[in-house]
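First comes the structure, then the notes that go with it.
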Amino acid sequence: MSPRGFLRRSVRWRRFWRSVKNAFAYGSALVAIATLRPIPLSLALPLSAAVGAALFYLLPSVRRLSEEHLRLAFGDSLSPGDRRRIARRSLANIGRCFCEVAKFDTIARRLEDYVEVEGMEIAAAILRQGRGAIAVTGHLGNWELLAAYFAHKGIPVTAVARRIYDDRINDLIVSFRRRQGVETILRHDPQAARKILHTLNRNGLLAMVIDQDTQAPSLSVPFFGRAARTPVAPATLALRRQLPLVAVFIARRPRGGHKITVYPPLPLPRTGDRMADARALVAAMSEKIEGEVRRHPEEWVWWHRRWRRPPVPRLDLDAKLPYAGRAGVRGSGV
């Protein structure tokens, strides 16, 4: 077989195997949802955590990535045993998150007991300005529950997200958000700019998760002492339109349930150097996320390849951004 033929066959095989894995993941999700719904939450949560922890042993690539990234982040301050424990608990957390999404109707009936908020007055003060705001967070705690909580409080929430690798799984997540009152803007939607403006004009929260290396315009800033590509969109939009930019996180309480923390708005630099201002703001956001990960390392997704690509040397801030000079966006320059 020629090298070209081998490559074509290899690509076809990888695509086939990916489709099999996606179908299995989707089917497993449907079965898990159907299984969890009739089970009391007090039993469903530990059961889901146990299944998540079991994945630590069933998915060796996830285990290796998680332990390696913990080593990169914490160095020798964590022993190999500590890294294994945190990696296993982070997978258990994902199991609990899945359970809470599947049983959110149960949680919603006692939402005020299940979730407490520190800094709600900060969010209220920001929204009284009537211009909307940008809320940034990371893949920490249960970020889907975080958005759903604010939507249930009557605050318009729109999540800007990338499309999930499988349309069926993507639709499951988007449908869950929609039922809770959370809209979704897919990053490559040609109507993204118009939808972003619609959220802000409704005095809503534009929610962005920015702790992963994705195919989005990014700047490289420190994350655990290593340059990591970090989406620049929330910083650029905040600077361009002088919008409040807040970091919001959710973490599990020892007694069960969650605590949401809303931090004061990040200062918006105005040096006149667009790139320097954007980089300073992206770095400040990344620092907030790193601090939260350090406080709750067992609740972060350590298997994501956070440092998988080389640093970004520069970025044209007006290139490929959905709100740059289109759909009636006001203002010129950052």
Side-chain angles (χ1 to χ4, degrees), residues 14-39 41 44-45 48 51-52 55 59 62 91 93-108 111 135-152 155-199 202 204-216 231 233-234 250 301 303-305 322 327:
R14 287 199 300 270
R15 287 175 179 170
F16 169 76
W17 182 238
R18 188 182 304 120
S19 69
V20 170
K21 290 193 294 184
N22 290 347
F24 178 77
Y26 176 69
S28 298
L30 293 182
V31 170
I33 291 171
T35 301
L36 289 170
R37 278 179 176 164
I39 301 176
L41 185 63
L45 277 171
S48 300
V51 172
L55 295 178
L59 301 175
V62 170
L91 284 161
N93 176 66
I94 289 299
R96 293 188 188 95
C97 290
F98 182 90
C99 175
E100 288 166 332
V101 168
K103 296 187 67 63
F104 188 78
D105 289 345
T106 299
I107 293 171
L111 194 59
V136 295
T137 191
H139 290 87
L140 277 151
N142 190 334
W143 56 94
E144 295 291 348
L145 183 61
L146 172 63
Y149 177 87
F150 283 99
H152 273 253
I155 299 172
V157 179
T158 299
V160 180
R162 65 179 178 88
R163 180 178 290 278
I164 301 299
Y165 52 85
D166 182 82
D167 286 343
R168 294 163 299 185
I169 297 175
N170 186 79
D171 291 344
L172 273 179
I173 296 172
V174 171
S175 295
F176 165 77
R177 293 176 186 151
R178 188 184 302 116
R179 289 195 303 273
Q180 311 317 322
V182 178
E183 297 183 15
T184 301
I185 299 176
L186 296 178
R187 192 173 293 140
H188 296 99
D189 184 346
Q191 297 297 315
R194 199 171 301 279
K195 293 176 180 179
I196 287 171
L197 283 177
H198 179 64
T199 297
R202 289 191 302 153
L205 288 177
L206 194 64
M208 299 185 180
V209 184
I210 60 164
D211 60 343
Q212 292 191 347
D213 182 349
T214 63
Q215 298 298 325
I250 186 169
V301 289
W303 52 92
H304 172 72
R305 291 182 171 89

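Only heavy atoms go into these numbers, but all of them, side chains included; no hydrogens, no water, no symmetry mates. All of these numbers come straight from a predicted model, not from anything done at the bench.
Residues R202 and H198 meet the side-chain proximity criterion, which asks for heavy atoms closer than 4.5 Å. Using a 4.5 Å heavy-atom threshold, the side chains of I107 and E100 count as touching.
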What do the steps show when you test T137 against L146 for side-chain contact (heavy atoms from CB on, under 4.5 Å), and what is the final call?
-> CA-CA 9 Å; T137 191; L146 172 63; 3.8 Å; yes
Give the intermediate values and the outcome of side-chain contact (heavy atoms from CB on, under 4.5 Å) for residues V101 and I173.
-> CA-CA 9 Å; V101 168; I173 296 172; over 6 Å; no
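Within 6.0 Å of CZ on R168 lie more than 12 heavy atoms contributed by other residues, nucleotides or ligands.
Closest approach of L205 to T199, counting heavy atoms only: O-CG2, 3.8 Å. Residue A44 comes nearest to I39 through the heavy atom pair N-CG2, 3.8 Å, listed as atom of the first residue, atom of the second, then distance. Considering all non-hydrogen atoms of both residues, W143 and G138 come closest at CB-O, 3.9 Å. Nearest heavy-atom pair across A147 and V182 is O-CG2, 3.7 Å. Pairing each heavy atom of L91 with each of L55, the nearest pair is CD1-C, 4.1 Å. Summarising the geometry of Q180 relative to A151, their closest heavy-atom pair is O-CB, 3.2 Å, with the distance given to 0.1 Å.
From I164, atom CD1 reaches atom CD1 of I169 across 8.0 Å, with rounding to the nearest 0.5 Å. For the atom pair Y26 OH and D166 CG, the distance stands at 8.5 Å (nearest 0.5 Å). In this structure, I33 CD1 and C99 SG are separated by 11.0 Å, a value rounded to the nearest 0.5 Å. The line from CG of N93 to CG of N142 is 7.5 Å long, rounded to the nearest 0.5 Å. Expressed to the nearest 0.5 Å, how far CG of L41 lies from CG of D105 amounts to 12.0 Å. With values rounded to the nearest 0.5 angstrom, F98 atom CZ is found 11.0 Å from I94 atom CD1.
In this structure a side-chain-to-backbone donor-acceptor pair under 3.5 Å is missing from K103 to L45. Using modelled atom types, one side-chain atom of H304 and one backbone atom of D213 make a donor-acceptor pair closer than 3.5 Å.
Sorted by first then second residue, the salt bridge (charged side-chain N to carboxylate O under 4.0 Å, His left out) pairs that include residues 170-182, not counting sequence neighbours, are E144-R177.
Under the salt bridge (charged side-chain N to carboxylate O under 4.0 Å, His left out) criterion, K195 pairs with D189, sequence neighbours left out. Partners of R163 according to the salt bridge (charged side-chain N to carboxylate O under 4.0 Å, His left out) rule, which considers only residues two or more places apart in sequence or in another chain, are D167.
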